[in-house]
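Here's the structure, in structure tokens; my notes come after.
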Number of protein chains: 2
Amino acid sequence: MKSNKKIRHEARAKIIKAMAHPSRLFIIEELSKRECCVSELTEMVGADTSTVSKHLSVLKNAGLVTDEKRANSIFYRLRCPCIMDFVRCVEDVLSANAKDNVRILRFCKK
Amino acid sequence: MKSNKKIRHEARAKIIKAMAHPSRLFIIEELSKRECCVSELTEMVGADTSTVSKHLSVLKNAGLVTDEKRANSIFYRLRCPCIMDFVRCVEDVLSANAKDNVRILRFCKK
DNA sequence: ATCTTATTTGGCAATATAGCCAAATAGCCA
DNA sequence: TGGCTATTTGGCTATATTGCCAAATAAGAT
């Protein structure tokens, strides 16, 4: 793989890797509806505050979210709402997988 | 996080995690152009055959690619070409990041 | 200034991932 | 059949990620 391609794919992978975790996907989905502060997200995710904080820093570091201090909380929001389009695409893959499984199951029964 | 949400996000994460690697993104991009066999991809990626084979099995396991044996090679192809739409979305995030950096840089110079 | 609340950071153990080599397997071809 | 080519699998080490606890930090409120 050529060096410039490699760099490009590494940059992409970093962003995708930041999304590649159930809790972070959940956070992304919630933030696509409305901005939230850490304690709200902690409550929703149901993990330790420090864990959620670290997830948020992964998302922020990848440029997927931004934060803003207001009152005495820090509010996070999605930086590129188009991210949800991607999630829709992932759903396509999931439903293709599901269809295949149904087909395989049908084969087995015969 | 409710159990059904959790399961949903885990399923999504599995697929996204399968994409979250530079070599696998490269493979996905190449397969979006045309189907390839393992040895072709090995050549292009520039890693050990076994490494590429394992990457392919990750992609296949996630339902992102399918394989078909023909002649004495196994050809892989993308299962949902919409995956490339996602990559475009990732590019949006990347360029938003780049713009921010330029802005920050400009601030520093002042 | 001190207390309190919200968030981040450090540290650690458990687990997962990556990539190479060597060995196993699969199927074509002579 | 026996060799050849293409691909996968097992095994290993190095590295990265996750999630919790405890401690540090930040900044409002009293």
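In what follows, every chain begins at residue 1, and chains take the letters A, B, ... in the order their sequences are listed. Quantities reported herein were computed from a predicted structural model and do not represent experimental measurements. Heavy atoms only: backbone and side chains are in, while hydrogens, waters and symmetry mates are out.
OP1 or OP2 of D/dG19 has at least one side-chain nitrogen or oxygen of A/His21 nearer than 4.0 Å. Contact annotation: A/Ser39 does not reach the phosphate of C/dT5 (side-chain N/O to OP1 or OP2, under 4.0 Å). Phosphate proximity of C/dG19 to B/His55: present, with a side-chain N or O under 4.0 Å from OP1 or OP2.
Using a 4.0 Å heavy-atom criterion, one finds that B/Tyr76 contacts the sugar-phosphate atoms exclusively. At a threshold of 4.0 angstrom between heavy atoms, the contacts of B/Arg24 are confined to the sugar-phosphate backbone, with no base atom among them. At a threshold of 4.0 angstrom between heavy atoms, the contacts of A/Lys17 are confined to the sugar-phosphate backbone, with no base atom among them.
For B/Tyr76, there are no ring pair (Phe, Tyr, Trp, His ring centres under 6.0 Å) partners, not counting sequence neighbours.
Put simply, CD1 on A/Ile27 is 12 Å from P on C/dT7, counting in whole angstrom units. Straight-line distance from the CZ atom of A/Phe26 to the P atom of D/dT18: 17 Å, rounded to whole Å. Following rounding to the nearest Å, B/Glu68 (CD) and D/dA6 (C1') show an atom-to-atom distance of 16 Å. Regarding A/Leu25, its CG atom lies at a distance of 11 Å from the P atom of D/dT18, rounded to whole Å. Rounding to whole angstrom units, CG of residue B/Asp67 and C1' of C/dA26 are separated by 13 Å. Atom-to-atom, CG of A/Asn61 to P of D/dT18 comes out at 13 Å; the value is rounded to the nearest Å. As a whole-Å value, the separation of A/Leu56 CG from D/dT18 C1' is 15 Å. A straight line from CG of A/Leu41 to P of C/dA6 spans 14 Å, rounded to a whole angstrom.
Checked against D/dT8, D/dG19, C/dA6, the side chain of A/Ser73 finds its nearest nucleotide in C/dA6.
Checked for salt-bridge contact, B/Arg24 and B/Glu29 miss the test: no charged N lies under 4.0 Å from a carboxylate O. Between A/Arg70 and A/Glu35 a salt bridge is recorded (basic side-chain N to carboxylate O distance below 4.0 Å). Taking the charged nitrogens against the carboxylate oxygens, A/Arg79 and B/Asp100 do have a contact shorter than 4.0 Å, which makes a salt bridge. The pair B/Arg88-B/Glu91 does not meet the salt-bridge criterion, since no charged nitrogen lies less than 4.0 angstrom from a carboxylate oxygen. Remark: B/Lys5 engages A/Glu30 in a salt bridge, criterion side-chain N to carboxylate O under 4.0 Å.
Between A/Cys37 and B/Gly46, it is A/Cys37 whose nearest contact on DNA chain C lies nearer the 5' terminus. Taking for each of B/Ile74 and A/Ser23 the nucleotide of DNA chain D with the nearest heavy atom, the 5'-most of the two is the partner of B/Ile74.
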Close N or O pairs between protein and nucleotides 9-13 of chain D (under 3.5 Å):
{"from": "D/dG10", "atom 1": "O6", "to": "B/Lys54", "atom 2": "NZ", "distance (Å)": "3.1"}
{"from": "D/dG11", "atom 1": "O6", "to": "B/Lys54", "atom 2": "NZ", "distance (Å)": "2.6"}

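Remark: the backbone N or O of B/Ala62 is not paired with any side-chain donor or acceptor of B/Lys17 at under 3.5 angstrom. When atom types are taken as modelled, the side chain of B/Asp85 and the backbone of A/Cys89 share no donor-acceptor pair closer than 3.5 angstrom.
Across the strands present, D/dA16 finds its partner in C/dT15; the criterion is a Watson-Crick or G-U wobble pair with both atom distances under 3.5 angstrom.
Annotation: the span from A/Leu56 atom CG to A/Ile27 atom CD1 amounts to 4.5 Å, rounded to 0.5 Å. B/Lys54 contributes atom NZ, which lies 9.0 Å from atom CG of B/Asp48 (distance to the nearest 0.5 angstrom).
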Can you build the contact string for nucleotides 24-30 of chain D? Use B for base contact, S for sugar-phosphate-only contact, and - for no protein heavy atom under 4.0 Å.
--SS---
